Protein chains: 2
Amino acid sequence: MSKNAKISNVVIKRLPRYKRYLEELQKQGVDKVSSNELSRMIGYTASQIRQDLNNFGGFGQQGYGYNVNALHEEINQILGLNREYRMAIAGAGNLGQAIANYTLYYKNGFIVDTIFEVNPKLIGLKINDIEVLDFDQMVDTVHDHNIDLGIICTTKESAQEVADRFCRGGVHGIWNFAPVDLKVPDHVALENVHLSDSLHSLVYYVSRQETAADDEK
Amino acid sequence: MSKNAKISNVVIKRLPRYKRYLEELQKQGVDKVSSNELSRMIGYTASQIRQDLNNFGGFGQQGYGYNVNALHEEINQILGLNREYRMAIAGAGNLGQAIANYTLYYKNGFIVDTIFEVNPKLIGLKINDIEVLDFDQMVDTVHDHNIDLGIICTTKESAQEVADRFCRGGVHGIWNFAPVDLKVPDHVALENVHLSDSLHSLVYYVSRQETAADDEK
DNA sequence: TAGATTGTTAATCGATTAACAATC
DNA sequence: TAGATTGTTAATCGATTAACAATC
């Protein structure tokens with residue numbers, strides 16, 4: 001029952017943050033933590049933390065709190081971090097290369113398998129030991145290499161075409177860095193990193209801030 | 001009155017998306033658009049679009065809709081995109097360089113002024129015409145160059161120290177790419193791009209998806 | 001004018017917080 | 001056992017959607 005209930009996206013978006021703090025506690029050798037202590041660290045209310053966790057099961061113990069190692073392991077399990085993911089990047093520009101090199105992914109089961117490019121000068125080369133293949137080989141390669149995740153670091157103009165090819169190749173998720181909203185089939189998960197949107201919303205507050213500061217003069 | 005009412009962050013986060021679609025319409029030479037047409041494109045309800053816009057003023061006209069150019073200009077105004085922003089990046093690693101090179105910023109009034117690094121091999125060099133200065137010069141340089149925005153592309157271990165220096169140097173906003181939650185004074189705006197959190201929430205849906213697919217076999 | 005579409009109020013829905021009984 | 005803290009229900013708060021009168 002409760003296991004089948006669809007969990008709200010806002011809850012899912014908070015899980016990686018729980019994970020980060022639990023990792024930190026683990027590193028510090030702390031072995032138990034209460035929702036109140038977590039609240040002080042993470043900044044969510046204790047009530048919200050308990051509600052969030054109880055979407056997935058009762059991981060705590062009354063009168064004691066939560067076991068740090070066990071809870072971390074549970075959250076890894078929930079997020080699906082207990083396995084490997086094969087990834088391919090489309091676009092070997094600055095951002096694509098940065099993502100390819102980002103050490104994060106080599107650890108923790110994220111494997112960058114291939115980079116796809118249109119620029120003939122780059123095709124055939126290796127970037128950080130990852131082979132750069134022709135954009136035209138995308139569908140077959142994605143399929144043959146069993147790619148789970150497609151990462152889009154192309155221009156906004158090519159992004160939808162690239163997404164389509166990733167989907168035809170059989171990826172289960174797309175991590176999109178191009179500043180467009182893509183259409184993908186229901187069975188493909190989509191996560192956007194819209195950097196320009198992010199900067200623009202920052203600037204909203206900055207411009208407000210600077211005006212407020214001017215007012216005080 | 002209504003101008004002073006604090007506008008919810010969820011609304012602000014939608015504004016850049018309105019901007020993107022209005023830009024697109026403008027490029028296509030469309031000169032009027034209704035909330036219903038916008039709804040079909042953007043995917044928010046027409047009702048929500050009208051509610052959002054009316055937080056800032058009545059930009060439409062009954063029986064007609066919204067003038068594309070005028071509305072785009074209004075949203076630029078609201079977001080604070082009608083001026084220049086001087087930016088400095090801390091961390092000249094892959095991500096820092098990618099952000100520095102990202103052409104987006106050169107256009108539209110975002111100027112990357114300086115990059116700060118600890119690695120002595122990089123200090124004094126130029127990356128894409130931007131000078132790389134010693135991390136130790138941060139506070140003074142940020143102040144003297146009138147930097148508005150600090151961009152953090154360091155490790156999570158250095159991020160808080162870097163944020164402190166940006167704040168002491170007088171930035172009004174911080175764009176943080178390090179996987180930590182930073183403490184900054186109230187008058188400094190903070191926008192996080194937590195790439196690992198983003199990937200982890202994607203993987204939640206991917207792993208669910210793959211399990212569901214397996215079940216169907 | 002008639003038709004269209006906004007601006008805005010009211011109704012609904014969902015997410016967060018508070019409270020407390022259950023229990024370790 | 002007594003104290004602490006969870007799991008969970010109920011209350012509140014805020015955000016979204018629906019409805020419609022105002023008006024171009």
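Both backbone and side-chain heavy atoms feed into the values below; hydrogens, waters and symmetry mates do not. To find a chain, count down the sequence lines: A is the first, B the second, and so on, and within it residues start at 1. What you are looking at is a predicted structure, and each value in this text was computed from that prediction instead of being measured.
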For nucleotides 9-11 of chain C, print each protein N/O atom paired with a nucleotide N/O atom at under 3.5 Å, atom names and distance only.
from: dT9(C); atom 1: O4; to: Q51(B); atom 2: NE2; distance (Å): 2.8

For this session: Please work out if Y44(A) contacts a base, only the sugar-phosphate, or nothing of the nucleic acid, heavy-atom cut-off 4.0 Å.
Result: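 Nothing, no nucleic acid heavy atom in range.
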Problem set entry | N-O pairing of E24(A) and R20(A) below 4.0 Å |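 So E24(A) does not pair with R20(A) through a salt bridge.
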Exercise. Could D181(A) and R17(B) be called an ion pair, given the rule that one side-chain N must be under 4.0 Å from one carboxylate O?
Worked result: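 Yes, charged N to carboxylate O under 4.0 Å.
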Taking only the side-chain heavy atoms of [X] (C-beta and beyond), determine which of [options] contains the nearest atom.
X: N54(B); options: dT8(C), dT23(D), dA15(D); answer: dT8(C)
X: K32(B); options: dT5(C), dA15(C), dT5(D); answer: dT5(C)
X: S8(A); options: dT17(C), dA15(C), dG7(D); answer: dA15(C)

Problem set entry | Donor-acceptor under 3.5 Å (Q160(B) side chain, K183(B) main chain) |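 Flag set: sc Q160(B) to bb K183(B) pair under 3.5 Å.
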For this session: Kindly compute the distance separating CD (Q26(A)) from CG (D31(A)), expressed to the nearest 0.5 Å.
Result: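 Going from CD on Q26(A) over to CG on D31(A), the span is 10.5 Å.
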Exercise. Want to settle it: does D52(A) or G63(A) sit nearer the 5' end of DNA chain C, counting the closest nucleotide to each?
Worked result: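 First, find each residue's nearest nucleotide; the 5'-ward one identifies D52(A).
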Problem set entry | Contiguous pairing runs of three or more, Watson-Crick or G-U under 3.5 Å, that involve DNA chain D |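 Paired runs of 3+ in DNA chain D: C:3-24 with D:3-24.
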Exercise. Once you round it to whole Å, what is the distance between P of dA22(D) and CZ of R50(B)?
Worked result: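 From R50(B) CZ to dA22(D) P: 16 Å.
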For this session: May I have the distance from E37(A) (atom CD) to dT6(D) (atom P), rounded to whole angstrom?
Result: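 E37(A) atom CD is separated from dT6(D) atom P by 9 Å.
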